[in-house]
Amino acid sequence: MPRPDKKIFYQDVYSVVKEIPRGKVISYGEIACLIGWSNYSRMVGAAVSKAPATLQLPCHRVVNSSGRTAPDWEEQRILLEEEGVLFKANDCVDMKIFAWEWR
DNA sequence: AGTTTGACTGGAG
DNA sequence: CCTCCAGCCAAAC
């Protein structure tokens, strides 16, 4: 397995994030699989966290595999709740209901 | 060029 | 359910 090209990798990540519908979420690892780099969830996190604001991407719809929001970004939860995403008592999004099924 | 650093993940306790 | 941790891998030091 060759090493991914940073530029292309980042673009692929952004192209997926752009498609996440309102009221739905997806995990870093899921995105990694979708773009063909299943072991690169950390890289997906890096790409999303550095996404240029000018791209207007719905980065708040990306959460970790357990449905937890990003550390030190309390606004993420607000943004999700504003579009109807509900959180469980343990501060996790109920993935059974809000996980995006790209199909 | 070696070490540290994460918006991660799955599993163990 | 929670915390801790090894495994993860390129970017940033």
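Order of the sequence lines fixes the chain letters, A, B, ..., with proteins taken first and strands second; residue numbering starts at 1 for each chain.
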Any side-chain heavy atom of Cys92(A) sitting closer than 4.5 Å to one from Phe87(A)? no
Hydrophobic cluster identity match, Ile20(A) and Phe98(A), side-chain contacts under 4.5 Å: no
Tell me whether Ile31(A) shares a hydrophobic cluster with Tyr14(A), the cluster being built from Ile, Leu, Val, Met, Phe, Trp, Tyr side chains joined at under 4.5 Å. yes
Check DNA chain B against residues 20-36 of chain A and give the residues with a non-hydrogen atom under 4.0 Å, in numerical order. Ser27(A), Tyr28(A), Gly29(A)
Those residues that, when tested against Leu34(A), pass side-chain contact (heavy atoms from CB on, under 4.5 Å) (two or more places apart): Val16(A), Ile26(A), Trp102(A)
With the 4.5 Å side-chain cut-off for hydrophobic clustering, are Val48(A) and Leu55(A) part of the same group? yes
Side chain to side chain donor-acceptor pair (under 3.5 Å): pairs with one or both residues in residues 22-40 of chain A, sequence neighbours excluded: none
Side chains of Val62(A) and Val25(A) in contact at under 4.5 Å (non-hydrogen atoms): no
State yes or no: do Val17(A) and Val93(A) share one hydrophobic cluster built from I, L, V, M, F, W and Y residues joined by side-chain heavy-atom distances below 4.5 Å, directly or via other members? no
Under the side chain to side chain donor-acceptor pair (under 3.5 Å) rule, what pairs show up with a residue in residues 47-58 of chain A, not counting sequence neighbours? none
Search all heavy atoms of Ser41(A) against all heavy atoms of Ala32(A) and return the closest pair with its distance. N-CB, 4.0 Å
Acceptor/donor pairs from residues 1-11 of chain A side chains to any protein atom, 3.5 angstrom cut, sequence neighbours excluded:
residue : atom : partner : partner atom : Å
Asp5(A) : OD2  : Lys7(A) : N            : 3.3
Asp5(A) : OD2  : Ile8(A) : N            : 3.0

Any side-chain heavy-atom pair from Val13(A) and Ile35(A) closer than 4.5 angstrom? yes
Near DNA chain C, which residues from residues 89-103 of chain A have a heavy atom under 4.0 Å away? Asn90(A)
Who pairs with Asn64(A) by side-chain hydrogen bond (donor to acceptor under 3.5 Å, both in side chains), at least two apart in sequence or on another chain? Ser66(A)
For every nucleotide of nucleotides 3-13 of chain C, 5' to 3': is a protein heavy atom under 4.0 Å from its base (B), only from its sugar-phosphate (S), or from neither (-)? ----BBBSSS-
Nucleotides bounding contact with chain A, strand DNA chain B, heavy-atom threshold 4.0 Å: dG6(B) to dG10(B)
Of all the heavy-atom pairs spanning Glu19(A) and Ser15(A), show the shortest one and how long it is. CG-O, 3.4 Å
Between residues 70-87 of chain A and DNA chain B, which residues have a heavy-atom gap below 4.0 Å? Ala70(A), Pro71(A), Trp73(A)
Pairs involving residues 71-90 of chain A, ordered by first then second residue, that meet side chain to side chain donor-acceptor pair (under 3.5 Å) (sequence neighbours left out): His60(A)-Glu83(A), Arg61(A)-Glu83(A), Arg77(A)-Glu81(A), Arg77(A)-Asp91(A)
